[in-house]
Amino acid sequence: MKRFKKWGASLLAVSMTMLLTTACGGGASSTATPAPAPATGSTTGDAANKPTYNFKLAHITPPTHMWHLAAEKFKEELDQRSGGRMKLEIYPSSQLGTEADMVQQIASGSVDFGFITAAYLSSRAPSYAAWLAPYAFKDLDEANKARKEEVSKKILGTLEEQGLVGLDYFFAGQRVMLFKDKEVLKPEDMAGLKLRVTPSPPLTDFYTSAGAATEGLPLPEVYSAVQTGVIDGMDMDLDAAITNKYYEVVKYGAVTNHMVWPAVAMASKANFDKMPDEDKQIIRDAIDAAANFSATTRAGQEEEFKKTLSDNGMKMYEIDPALFAPYAKQFDEKYGPKDPLIQEFIDTFRK
Ligand code: BEZ
């Protein structure tokens, strides 16, 4: 009996410690340390009693890409806004695996945040395909304002049932087309070419309807695929074309700006839901600041990026968007009826 009591007391102590840690928003990763917490486990009280966090964030791009710079900005904002209580470790370049792996880690709580492509998410939560509507926005500024619309927030909400909290969207340029050897001047010129797309049905549909064959490849596999001739070109953004040095292996760049390309900023629901409201708000405000930083900084880099690619030997040119209008219409006709949120998105933003 005595032995049982001793065990019981130890178990209670361990449980209390675990409770305090999780109550403060920490999973295995975000080691929330309740800085001398009161015996009740309450997270309120004076500043000294507020929880501290060591968060983890994962994303797919190299450290020179805007998504990473936005992650750095998020880190800085978290630190400042929380008075140093929130620290962030960033894992770029798919260090924690594919986007599928990252999302799984976020859902389980072993990673706290991710910036994940809407393209990948469209395979798990269908309404994300809305963001791949061709030519839905005139420019990044318009897309950045669209973050605040009701339908965009509703789409974020669809992640909840997967153990994820959709927080916001980051924009880092629109999509362009890069071609290895052929100067494509109109959609018909793509006939017979095999073009890389990020694996996602709306992207595949856009290119196949225009006459190209597609190969779904995640970002880390693209360079060698084009270098070895497995693909003849790719759907990409200018920033990624530079950070991944695709100018070494492709000759032509059509600045079509045919789609926006949001990173979806998401949090682990298991960890986020346990945080005090004040800390949730700090996170939301920090994300908002980072998202604005990303869209506005990137919007000012368009000319510089085109010049960098030209300086590195690529021929950069534009294709009249009107030539792609039939394929944008096909998207609306096919994807609008698939999901009410996609239809609402089209009705809200198509002008
Ligand atoms: C891509 O798959 O093309 C991509 C993913 C994330 C950022 C930029 C590009």
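In each ligand, atom 1 is the first atom listed, and ligand 1 is the first ligand listed.
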So which bit of [X] gets within less than 4.0 Å of ligand 1, heavy atoms only: side chain, backbone, both or neither?
| X | answer |
| --- | --- |
| Glu221 | neither |
| Val222 | neither |
| Met234 | neither |

| field | Between CD on residue Glu149 and CZ on residue Phe349, distance to nearest 0.5 Å | value | 5.0 Å

| note | Between the CG atom in Leu203 and the CG atom in Asp235, the distance rounded to the nearest 0.5 Å is 5.5 Å

Starting from [atom], which protein heavy atom do you reach first, and at what distance in Å?
| atom | result |
| --- | --- |
| atom 8 (C) of ligand 1 | Asp237 OD2, 3.2 Å |
| atom 7 (C) of ligand 1 | Thr61 CG2, 3.3 Å |
| atom 2 (O) of ligand 1 | Arg196 NH2, 2.8 Å |
| atom 4 (C) of ligand 1 | Trp261 NE1, 3.5 Å |

Could you tell me, atom by atom, which parts of ligand 1 come under 4.0 Å of a heavy atom of [X]?
| X | result |
| --- | --- |
| Arg175 | 1 (C), 3 (O), 9 (C) |
| Thr117 | 5 (C), 6 (C) |
| Met236 | 3 (O) |
| Trp67 | 6 (C), 7 (C) |
| Ile60 | 6 (C) |

| request: For a side-chain contact (heavy atoms from CB on, under 4.5 Å) with Met266, tell me which candidate from Asp168, Leu167, Leu164 qualifies. | output: Leu164

| message | Would you say the ring centers of Tyr327 and His258 fall short of 6.0 Å from each other? | response | no

| query | Does Phe206 have its ring centroid less than 6.0 Å away from the ring centroid of Phe331? | reply | no

| said: My understanding is that only one of Trp67, Trp131, Phe137, Trp261 makes a ring pair (Phe, Tyr, Trp, His ring centres under 6.0 Å) with Phe171; could you say which? | reply: Trp131

| Quick check: are there more than 12 heavy atoms from other residues, nucleotides or ligands sitting under 6.0 Å from NZ of Lys182? | yes

| message | Please determine whether a side-chain nitrogen of the Lys or Arg among Glu150 and Lys154 lies less than 4.0 Å from a carboxylate oxygen of the Asp or Glu. | response | no

| task | Check whether NZ of the Lys or CZ of the Arg Lys338 lies under 6.0 Å from the centre of the six-membered ring of Tyr335 and within 45 degrees of that ring's axis. | result | yes

| request: For ligand 1, find out whether one of its N or O atoms is nearer than 3.5 Å to an N or O atom of Thr198. | output: yes

